[in-house]
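Numbers restart at 1 for each chain; the letters A, B, ... are given by sequence-line order, proteins then strands.
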Protein chains: 2
Amino acid sequence: MLKKLDPLLHSELRLAIMSLLISVEKAGFTYLKEQTEATAGNLSVQVTKLEDAGYIFVKKGFKGKIPQTICNITKKGIEAFEKYVEELKDYLKL
Amino acid sequence: MLKKLDPLLHSELRLAIMSLLISVEKAGFTYLKEQTEATAGNLSVQVTKLEDAGYIFVKKGFKGKIPQTICNITKKGIEAFEKYVEELKDYLKL
DNA sequence: TAAATTTGGTTTATATTATAAACTACTTTA
DNA sequence: TAAAGTAGTTTATAATATAAACCAAATTTA
């Protein structure tokens, strides 16, 4: 039987964010925006959702005088991502 | 760069339908309903969307006196599914 | 140095999508 | 023949994604 997929990860943009954070471990808002080609508004909303879920950790600071938002994936986020991948494999016949 | 995923396949229920049809080649509405555990209404809507896209072919007939809807995956559907799997692999780091 | 533009976002409104509830048409069973 | 079951569709609503509008501060330009 196919398992219910984590709806928080089964979203193109949120999955892309998580995928990037799995690789780089830490990334700025602007980097994520460039890589995903999302609008700032959409990215802001989805980052907040991932943060609320405890999948990522967001730290706000400054790079010189310019505000900077840094995102890190959490242990919980890594586990959720890995679980999602395993569940999705059944759908994809992998 | 991560590719844009086919929105028609990036839906849990539609993906489940396609996944089942890839395996069995042909399936009745009731079989799909049992396997996916979807409500009939939701299933009906999603089947129609896949049909409209040309990803599946729907044949309506009768099993005795009882109406029966049979779904088959099309060549286009198989190709779209395979493309989706390849694109998604980048997200999943597979 | 004042106005315009850019950077780095958030908030809010709207469009899209998913889902469930209500309904239809027919059949079987009590 | 009334009630319940089968096999769905249509329609209304809830959830989600996305974009547009907005904000504050910094930087560039005239």
Side-chain angles (χ1 to χ4, degrees), chain A residues 2-21 26-53 55-72 80 84 88 91, chain B residues 2-21 26-53 55-72 80 84 88 91:
Chain A
L2 294 166
K3 294 193 191 75
K4 175 96 185 93
L5 298 173
D6 182 345
L8 230 102
L9 293 181
H10 198 66
S11 136
E12 184 162 7
L13 182 48
R14 287 195 301 269
L15 190 62
I17 295 166
M18 293 293 283
S19 181
L20 288 166
L21 291 179
K26 112 188 312 201
F29 187 92
T30 301
Y31 173 78
L32 290 176
K33 184 168 176 295
E34 284 165 4
Q35 292 296 313
T36 60
E37 292 179 352
T39 61
N42 194 9
L43 184 58
S44 179
V45 170
Q46 307 310 330
V47 161
T48 300
K49 284 189 186 178
L50 290 171
E51 188 186 13
D52 289 348
Y55 287 4
I56 68 174
F57 176 75
V58 177
K59 198 164 54 181
K60 278 161 198 307
F62 288 85
K63 186 179 59 183
K65 292 170 181 175
I66 291 172
Q68 193 177 220
T69 298
I70 299 287
C71 304
N72 308 66
Y84 174 78
L88 197 57
Y91 285 78
Chain B
L2 295 165
K3 294 194 190 75
K4 176 96 184 95
L5 298 172
D6 182 345
L8 230 102
L9 293 182
H10 197 66
S11 135
E12 184 162 5
L13 182 49
R14 287 196 300 270
L15 189 62
I17 295 166
M18 292 293 282
S19 181
L20 288 166
L21 291 179
K26 114 187 311 202
F29 187 91
T30 302
Y31 173 78
L32 291 176
K33 185 169 176 294
E34 283 165 4
Q35 292 295 313
T36 60
E37 292 179 351
T39 59
N42 194 8
L43 184 58
S44 179
V45 170
Q46 307 311 330
V47 161
T48 300
K49 284 189 185 177
L50 290 171
E51 188 186 14
D52 289 348
Y55 288 3
I56 67 174
F57 175 75
V58 177
K59 199 164 54 180
K60 279 161 198 305
F62 287 86
K63 188 179 60 184
K65 291 172 180 176
I66 291 172
Q68 194 177 219
T69 297
I70 299 285
C71 304
N72 307 67
Y84 174 78
L88 197 58
Y91 285 78

What I'd like to find out is whether the side chain of [X] reaches to under 4.5 Å of the side chain of [Y], using heavy atoms alone.
X: B:Thr36; Y: A:Leu2; value: no
X: A:Val58; Y: A:Leu50; value: no
X: B:Tyr55; Y: B:Asp6; value: yes
X: B:Val45; Y: B:Leu13; value: no

Rounded distance in Å - [atom1] ([X]) to [atom2] ([N]):
X: B:Leu9; N: C:dT17; atom1: CG; atom2: P; result: 13 Å
X: B:Glu34; N: D:dT6; atom1: CD; atom2: C1'; result: 12 Å
X: A:Leu43; N: C:dT7; atom1: CG; atom2: C1'; result: 14 Å
X: A:Leu15; N: D:dA17; atom1: CG; atom2: P; result: 12 Å
X: A:His10; N: C:dA18; atom1: NE2; atom2: C1'; result: 11 Å
X: B:Asp52; N: C:dT16; atom1: CG; atom2: C1'; result: 16 Å
X: A:Phe29; N: C:dT6; atom1: CZ; atom2: C1'; result: 15 Å
X: A:Lys59; N: C:dG8; atom1: NZ; atom2: C1'; result: 18 Å

Identify all pairs in which a protein N or O lies below 3.5 Å from an N or O of nucleotides 20-30 of chain C, and state each distance.
none

Touch class at under 4.0 angstrom, heavy-atom based, for B:Thr48 against every strand present: nothing

Touch class at under 4.0 angstrom, heavy-atom based, for A:Gln68 against every strand present: sugar-phosphate

Any B:Arg14 side-chain nitrogen or oxygen under 4.0 Å from OP1 or OP2 of C:dT17: no

Side-chain N,O (B:Thr69) to OP1/OP2 (D:dG8) below 4.0 Å: yes

Sidechain-backbone polar pair: B:Gln35 side chain, B:Leu20 backbone, donor-acceptor under 3.5 Å: no

A:Tyr84 side chain vs A:Pro7 backbone, donor-acceptor pair below 3.5 Å: no

Earlier contact from the 5' end, DNA chain D, for A:Lys49 and B:Ser44: B:Ser44

Nucleotide nearest A:Lys60 (side chain, heavy atoms from C-beta), chosen from C:dT10, D:dG8, C:dA18: C:dT10

Worked verdict on B:Met18 versus B:Ile56 for side chain to side chain contact (heavy atoms under 4.5 Å, CB included): CA-CA 8 Å; B:Met18 292 293 282; B:Ile56 67 174; 3.8 Å; yes

